[in-house]
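The structure appears right after this line, and notes come after that.
Being a predicted model, the structure only gives us computed values, none of them experimental.
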Amino acid sequence: IRRVVPLLREALRSAGRRLDEVDAVAYTRGPGLAGALLVGCAFAEALAVALDKPTIPVHHLEGHLLSPLLSADPPSFPFVALLVSGGHTQLPYPGGALLSKLAELGTPGVYGLPRPMLHSGDLSFSFSGLKTAVLTLVREHADALTDEFKADAACAFQEAIVEVLVKKSLKALKQTGLKQLVVAGGVGANKQLRSTLNEEAKRRQFRVYYPELEFCTDNGAMIALAGCLRLQVGTPAKQAGGFAVQPRWPLMDMSASGTK
């Protein structure tokens, strides 16, 4: 909480703006950890009350989906979006970056791991079976958890995930007939995922858009953008004051107005 006010001041200073120029206050309503959401919501609503401005609660994943629009070369609508976010990890934060670095040290093909739902014929994902397979692999090598094993296992894990993500993305493009793919979320920073998609894009003649690396992970700019776009299309903002967070908020439950 102590960091929020200095952060706001720094954001306004670097943008060359004043508080009295703010038209509305957008913030993340969910999903996420309740405590973190409450800090953001309470501050945003209090700020809006003080400024006598409306508020725009935003879905966290909507912000990620729109984050490539912050790029110097943004996509145009319509596009297919691959939203890939880690969410939880037992590695030091952020776990995805550490896994990627570890995988770079591994040798491809040493361990074979399943590709869940690779041939399901639909666009659904589920990596629970892959996680179980990795756990089994680790238990089988419990007496020899060397750096080499860890790197090779990370490489196999990354290869399995990337293959599934890429195949499903290609299927979505074929199914929709679109030629633009947006990759958003923290995992969108993964080097192997980007490299594989770029190769496929060149071969199949479609365009892939990524947000800059600083916009791949959680950031306030993408939430501000989502709020700004809602204002531009005439989505009604709510009166500042009362609020509620939604730690669990499926994206499909969000209406066109941005509410549940």
Side-chain angles (χ1 to χ4, degrees), residues 1-8 10-11 22 24-49 53-70 81-100 124-128 131 161 165 182-190 193 210-231 235 237-260:
I1 294 176
R2 291 191 297 269
R3 295 181 177 179
V4 178
V5 174
L7 181 61
L8 171 64
E10 174 59 23
V22 171
V25 180
Y27 64 88
T28 303
R29 181 178 180 181
L33 298 175
L37 293 172
L38 283 168
V39 170
C41 290
F43 180 79
E45 292 286 349
L47 177 64
V49 167
K53 299 293 183 180
T55 59
I56 307 173
V58 173
H59 194 293
H60 181 181
L61 300 185
E62 181 187 12
H64 276 302
L65 286 171
L66 296 173
S67 61
L69 298 179
L70 293 165
L82 173 65
L83 176 57
V84 274
S85 179
H88 304 284
T89 178
Q90 291 184 331
L91 294 170
Y93 181 85
L98 290 175
L99 176 69
S100 180
S124 298
F125 297 93
S126 175
F127 293 107
S128 56
K131 290 187 289 184
I161 291 177
L165 293 177
V182 161
V183 180
V187 183
N190 182 271
L193 177 61
Y210 311 93
E212 275 78 5
L213 292 179
E214 62 264 33
F215 297 131
C216 283
T217 52
D218 295 349
N219 63 88
M222 67 184 190
I223 302 302
L225 173 64
C228 180
L229 291 177
R230 288 193 170 277
L231 275 184
T235 302
K238 67 178 284 294
Q239 183 177 356
F243 64 91
V245 299
Q246 289 184 244
R248 295 184 181 276
W249 188 8
L251 188 59
M252 295 299 292
D253 289 351
M254 189 181 71
S255 70
S257 66
T259 59
K260 187 174 179 180

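Minimum interatomic distance between P54 and A48 (heavy atoms only, all atoms of both residues): O-CB, 4.3 Å. In terms of heavy-atom proximity, V245 sits nearest to C41 at CG1-SG, 3.3 Å. Scanning both residues, L165 and F125, for their nearest heavy atoms gives CD2-CE2, 3.6 Å. In terms of heavy atoms, P247 sits closest to L37 at CA-CD1, 3.8 Å. The shortest heavy-atom contact between H60 and T28 is CB-CG2, 3.8 Å. Summarising the geometry of A26 relative to I223, their closest heavy-atom pair is CB-O, 3.8 Å, with the distance given to 0.1 Å.
Considering only heavy atoms from C-beta on, F43 stays 4.5 Å or farther from V25 through its side chain. At a threshold of 4.5 Å between non-hydrogen side-chain atoms, the residues I56 and T235 do not count as touching. Under the 4.5 Å side-chain criterion, counting only non-hydrogen atoms from C-beta, Y210 is not in contact with L193.
P250 pairs by the side chain to side chain contact (heavy atoms under 4.5 Å, CB included) definition with D253, not counting sequence neighbours. Listed by chain and number, the residues in a side chain to side chain contact (heavy atoms under 4.5 Å, CB included) with V49 are A240 (sequence neighbours excluded). Judged as a side chain to side chain contact (heavy atoms under 4.5 Å, CB included), and not counting sequence neighbours, the contacts of E214 are E212. Partners of S124 according to the side-chain hydrogen bond (donor to acceptor under 3.5 Å, both in side chains) rule, which considers only residues two or more places apart in sequence or in another chain, do not exist here. Remark: A189 pairs with L213, C216 by the side chain to side chain contact (heavy atoms under 4.5 Å, CB included) rule, at least two apart or across chains.
From M222, atom CE reaches atom CG of L65 across 9.5 Å, with rounding to the nearest 0.5 Å. Taking CG of L225 as the start and CZ of F215 as the end, the distance is 9.5 Å to the nearest 0.5 Å. Distance check: T55 OG1 to E45 CD gives 3.5 Å after rounding to the nearest 0.5 Å. With values rounded to the nearest 0.5 angstrom, L70 atom CG is found 7.0 Å from N219 atom CG. Rounding to the nearest 0.5 Å gives a distance of 9.5 Å between CD1 of I161 and NZ of K131. For the atom pair D218 CG and H64 NE2, the distance stands at 4.0 Å (nearest 0.5 Å).
Not a single donor-acceptor pair under 3.5 Å links the side chain of R248 to the backbone N or O of P31.
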